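Working notes for the structure below.
Naming: A, B, ... by sequence-line order, numbering from 1 per chain. Remember, it's a predicted structure, so these values are computed and weren't measured experimentally.
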2 protein chains.
Amino acid sequence: MASERSIDSKDRQIVRALQQDGRLSNIDLAERVNLSPSPCLRRVRLLEEGGVIQGYSAVVDPKAVGLRITAFIRITLARHDREAVGRFEAQVQTIDEILDCHLLTGEADYLLRVMVADLDAYEDFVRERLHGITGISSITTSLVFGTVKASRAMPI
Amino acid sequence: MASERSIDSKDRQIVRALQQDGRLSNIDLAERVNLSPSPCLRRVRLLEEGGVIQGYSAVVDPKAVGLRITAFIRITLARHDREAVGRFEAQVQTIDEILDCHLLTGEADYLLRVMVADLDAYEDFVRERLHGITGISSITTSLVFGTVKASRAMPI
DNA sequence: CATGAAATATGCACGGT
DNA sequence: ACCGTGCATATTTCATG
């Protein structure tokens, strides 16, 4: 396995702070977690190298960049052998409109989160992309009507 | 409304780059989008002030911080009047384990994404938190068995 | 943990397209 | 109207002692 370095309380403070503001300077971060800059930076580097912090990302307002539709799509595969599953999952990776894809317990059911510009684009997406994936048995769409909460901060 | 500044192609390049690496230095960013540092920084500031870029966040590996369970929970409210909805949405905001909450089209159905340490913690979450919210009529849990894709980069 | 050199960020003025 | 250049200063990073 990759990641079982022991995370102590200071590390958790650091991760929490960097989830809230990924561009904190090391000096500000150190102050916030009551450390001096040097050991603080060391910890951040270790968290990055150990894979705890996988990267940094700008948080973008979807509407501001023209993405007005978010949909959750539930997909069931027709067959569940290794080959069908592998092919499905490989194709999911290549489709930019699919932001997340989770395998759910129970059936071989996947839950996708998809973002597109508008309903026309959504229809295109389903026809051109989803129907292009082999082995899908059923598709259930739930459109997002509003977002109550969208946090990027995990509860740690 | 807040956000209808016209986003041109360069802005889109900048947003894309900062989604992939939110800690890019302005100099590297400028180079990547074929701009010199000054106008590049000007654009970034405008995108931030205009709300297109809402912030920056560290991307954390859930397993590395001990969050082994992700669940999608579908919730239906008993009543759909403004008061019941408002109370539900306000309580959702205060619960850290609930990362996302979306209102879906159709019924007053919400889809929550929840992260907790393990199944015991999940049981606690349902008993202590969810059942503490008034006005819920039904709860359907789907546990995440595996994650095929989890992108933070919107398709722009 | 502290220090200092190198890199970077930030603001500004000016000229060019 | 926007970009590029050049420059001054403040801040930050990072390697060393």
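As a whole-Å value, the separation of B:I14 CD1 from D:dC2 P is 13 Å. Taking atom CG on B:D8 and atom P on D:dA1, their separation rounds to 16 Å, with Å as the unit. Atom CG of B:L29 and atom P of C:dA7 are 20 Å apart (whole Å). To the nearest angstrom, P of C:dA2 lies 11 Å from CG of A:L35. Residue A:E48 contributes atom CD, which lies 14 Å from atom C1' of D:dC14 at whole-angstrom precision. Taking atom CZ on B:R43 and atom P on D:dA1, their separation rounds to 15 Å, with Å as the unit.
Rounded to 10 degrees, the angle between the two end axes of the helix from C:dC1-D:dG17 to C:dT17-D:dA1 is 30°, with five pairs used at each end.
Between A:R79 and A:D81, at least one side-chain N (NZ, or NE/NH1/NH2) sits under 4.0 Å from a carboxylate O, which counts as a salt bridge. Ion pair B:R127/B:E123 flagged as a salt bridge, since at least one NZ, NE, NH1 or NH2 atom sits closer than 4.0 Å to an Asp/Glu carboxylate oxygen.
Checking C:dA9, D:dC3, D:dT12 against the side-chain heavy atoms of B:P39 singles out D:dC3 as nearest. With D:dG4, D:dT12, C:dA9 as the candidates, the nucleotide lying closest to the side chain of A:D28 is D:dT12.
Using a 4.0 Å heavy-atom cutoff across all strands shown, B:S36 reaches at least one base atom of the nucleic acid.
Annotation: side chain of B:L130 is in contact with side chain of B:I75 (closest heavy-atom distance under 4.5 Å). The shortest distance between side-chain heavy atoms of A:F88 and B:V148 does not fall below 4.5 Å.
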Pairs: protein N or O with nucleotides 10-13 of chain C N or O, under 3.5 Å:
unit_1 : atom_1 : unit_2 : atom_2 : d
C:dT10 : OP1    : B:R45  : NH2    : 2.9
C:dT10 : OP2    : B:R45  : NH2    : 2.5

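A 6.0 Å sphere centred on CD of A:Q93 holds more than 12 heavy atoms belonging to other residues, nucleotides or ligands. Heavy-atom contacts from other residues, nucleotides or ligands closer than 6.0 Å to CZ of B:R129 number 12 or fewer.
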